[in-house]
Amino acid sequence: MPVFAFQLGHQPHISRAEIFSVLNVYTIVYKILPDYGQFLFLEIKAAFSPIKFIKILGGTIKIIENLELPDLKENTIADYLNTTIPAGKINFSISGLNAERLAIAVKKKLKEHDRTVRYITPKNTATILHNDLVKTESDITIVYNSVYITRAIQPIEEFSERDYGRPQSDAKSGMLPPKLARILINLAYISETKQKQVTILDPFCGSGTILLEALDLGYENIFGSDISTQAIADTKKNIDWLKKQKNIFVSPKIFLASATDLQTTLPHKSIDAIITEPYLGKPLRGHETKPYLMTQTQELKELYTQTFGSFQKILKPDGIVIFVIPEFKFKNDWITVDCLSMIKKIGFQIIPFSKNEESLFYARPGQLVGRRIWKLKKSTA
Ligand SMILES: C[S@@+](CC[C@H](N)C(=O)[O-])C[C@H]1O[C@@H](n2cnc3c(N)ncnc32)[C@H](O)[C@@H]1O
């Protein structure tokens, strides 16, 4: 079975959970091999298409495949490139241990074969994309003493277009990164066959980050709501923009509502999945007192409790919620919003992401607000 390595984003544990969720959705059979730094190694059957999966995932930087070459010598790699690119100029890059030295030796060998050759220093994935090295199968990575070839690279330009190029953004309330928004959707584990029918909702849609990712992923029954008229207007503008950009004809339904009161607009038991980053409190500056933070967490606890009361009504039996609960940095600790026991009482159960992970914590260095991602299911009882 071919071995693939997934280069994980800056929150590797979240990238891993997303990969497993998506592979399971598409019923891809895989075997997990030992980890190595930023890579997740999987043995996957031949039916796996890295190009298809990189377009779905939000947290994977690239997918590379083990070439199963007998060794790491310059002759072996030069032979590979010589046969893979039989005519014209060979553009290639190598990253990993001793890559530069190896690249120079490979280049020399190829020149001895009378080939025109250029070594491209792989500064980042953009360099590989711009030089088309995925298509020519000549972006090489040395990991674990094996030679890997890049099969697919994250469409970073599309993400940054949706992040910075869209008409309306939400800097004030702190925007959710589009890659994380996509991960949240993928963590909901909606089976491939159902993706066109399921109803998904973001009831704190802000400027629509999650909704745009859902639209881009191909969901067709998308709902979004927010308590702010400005947010609703921004979301609508952003959706129209993406639809034009990508020639999408699906029209999400966007409406003004408090997340605590969704049942007044949406029919009972009508939604399959709620995927949301809720209101996370007032932005922090870093010098807030503990009592201030405690008051904020208490307010959020009330908001989230009422919100789940409403979710309970509009979700179908077995409906799923992907929900972000913030944690606030205070000195060396994180203060959390203690609302899970209430949420369970309302009628939800936690679905762990793996044997050892009940939730997934997302925080970048220096951030004052961390995000803990939870997956919950409406209890049928
Ligand atoms: C953290 S933002 C969501 C950002 C969004 N995920 C994005 O990246 O575009 C929170 C949003 O919650 C909205 N909000 C606050 N209280 C609400 C409530 N009770 N019901 C619905 N929306 C609410 C705010 O108007 C704001 O747009």
Side-chain angles (χ1 to χ4, degrees), residues 11 14-15 17-22 24-25 56-59 159 162 170 173-192 194-227 231-232 235 238-239 242 250 252-255 257 259-260 262 265-266 269-280 303-304 307-308 310-316 318-326 343 348-353 359-362 371-378:
Q11 308 280 320
I14 301 183
S15 300
E18 184 199 28
I19 292 166
F20 294 137
S21 180
V22 170
N24 292 341
V25 161
I56 298 169
L57 296 164
F159 275 111
R162 289 197 295 282
D170 196 15
S173 33
M175 213 188 83
L176 179 68
K179 288 181 194 168
L180 180 57
R182 205 169 184 93
I183 292 172
L184 296 181
I185 301 169
N186 286 331
L187 289 175
Y189 184 62
I190 296 165
S191 84
E192 186 190 11
K194 287 192 183 154
Q195 276 178 0
K196 300 253 180 267
Q197 304 122 42
V198 289
T199 42
I200 65 169
L201 162 73
D202 179 359
F204 293 90
C205 69
S207 53
T209 313
I210 290 177
L211 306 177
L212 292 194
E213 294 308 308
L215 205 53
D216 193 59
L217 278 167
Y219 286 88
E220 295 191 355
N221 290 301
I222 305 170
F223 293 78
S225 56
D226 199 287
I227 204 169
I232 294 301
T235 293
N238 285 337
I239 285 176
L242 187 72
V250 167
K253 288 148 202 87
I254 309 303
F255 56 95
T260 56
L262 296 161
T265 315
L266 292 170
K269 299 186 183 168
S270 61
I271 299 292
D272 289 284
I274 295 173
I275 299 152
T276 194
E277 177 190 73
Y279 173 61
L280 304 179
L303 172 66
Y304 299 164
T307 295
F308 269 84
S310 181
F311 289 177
Q312 213 275 342
K313 298 190 177 90
I314 58 156
L315 274 173
K316 291 185 188 168
D318 287 338
I320 290 288
V321 183
I322 299 286
F323 198 81
V324 174
I325 299 183
I343 292 173
F348 287 88
Q349 68 189 84
I350 296 168
I351 310 285
F353 292 101
S359 62
L360 300 166
F361 189 57
Y362 176 105
R371 297 162 156 116
R372 191 170 289 282
I373 305 166
W374 293 92
K375 181 170 177 175
L376 300 127
K377 191 168 114 174
K378 182 171 157 176

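Counting begins at 1 with the first residue of the sequence.
- The side-chain heavy atoms of Lys375 and Tyr189, taken from C-beta on, include a pair separated by under 4.5 Å.
- To the nearest 0.5 Å, the span separating CD1 on Ile275 from CZ on Phe323 amounts to 13.0 Å.
- For Phe311 and Phe348, the ring centers are positioned 6.0 Å apart or more.
- Of the possible donor and acceptor atoms, none in the side chain of Ser270 sits under 3.5 Å from a partner among the backbone N and O of Leu266.
- Annotation: side chain to side chain contact (heavy atoms under 4.5 Å, CB included) contacts of Glu220 (sequence neighbours excluded): Lys196, Val250.
- With sequence neighbours excluded, the residues forming a side chain to side chain contact (heavy atoms under 4.5 Å, CB included) with Lys316 are Thr199, Asp272, listed by chain and number.
- Residues Arg371 and Leu180 are in side-chain contact: their nearest non-hydrogen atoms beyond the backbone lie under 4.5 Å apart.
- The backbone N or O of Ala231 lies less than 3.5 Å from a partner atom in the side chain of Thr235, making a donor-acceptor pair.
- Between Phe20 and Phe353, the distance from one ring center to the other does not fall under 6.0 angstrom.
- Put simply, the side chain of Asn186 never gets that close to the backbone of Val22: no donor and acceptor are under 3.5 Å apart.
- Contact annotation: the side chain of Phe223 never approaches that of Leu262 to less than 4.5 Å [non-hydrogen atoms, C-beta and beyond].
- Not counting sequence neighbours, Lys269 has no partner by the salt bridge (Lys or Arg N to Asp or Glu O under 4.0 Å) test.
- Residues satisfying the side chain to side chain contact (heavy atoms under 4.5 Å, CB included) test with Ile227, not counting sequence neighbours, are Ser258.
- Between the side chain of Asn238 and the backbone N or O of Ser207 there is at least one donor-acceptor pair closer than 3.5 Å.
- Scanning for side chain to side chain contact (heavy atoms under 4.5 Å, CB included) contacts around Pro352 gives an empty result, with sequence neighbours left out.
- Arg182 places a side-chain N or O within donor-acceptor distance of the main-chain N or O of Ile56, the cut-off being under 3.5 Å.
- To the nearest 0.5 angstrom, Glu277 atom CD is 12.0 Å from Ile325 atom CD1.
- In this view, Ser310 and Gln263 satisfy the side chain to side chain donor-acceptor pair (under 3.5 Å) rule, not counting sequence neighbours.
- A salt bridge does not link Lys378 with Asp318: every distance from a Lys NZ or Arg NE/NH1/NH2 to an Asp or Glu carboxylate oxygen is 4.0 Å or more.
- The minimum heavy-atom distance between Leu280 and Tyr304, with the atom names listed, is CA-OH, 3.9 Å.
- Put simply, the side chain of Lys179 never gets that close to the backbone of Gly59: no donor and acceptor are under 3.5 Å apart.
- A side-chain donor-acceptor contact under 3.5 Å links Asn221 to the backbone of Gln197.
- Considering only heavy atoms from C-beta on, Pro278 stays 4.5 Å or farther from Thr307 through its side chain.
- The distance from atom CD1 of Ile190 to atom OG of Ser21, rounded to the nearest 0.5 Å, is 9.0 Å.
- Contact check for Leu57 versus Ile183: no side-chain heavy atoms found under the 4.5 Å cut-off.
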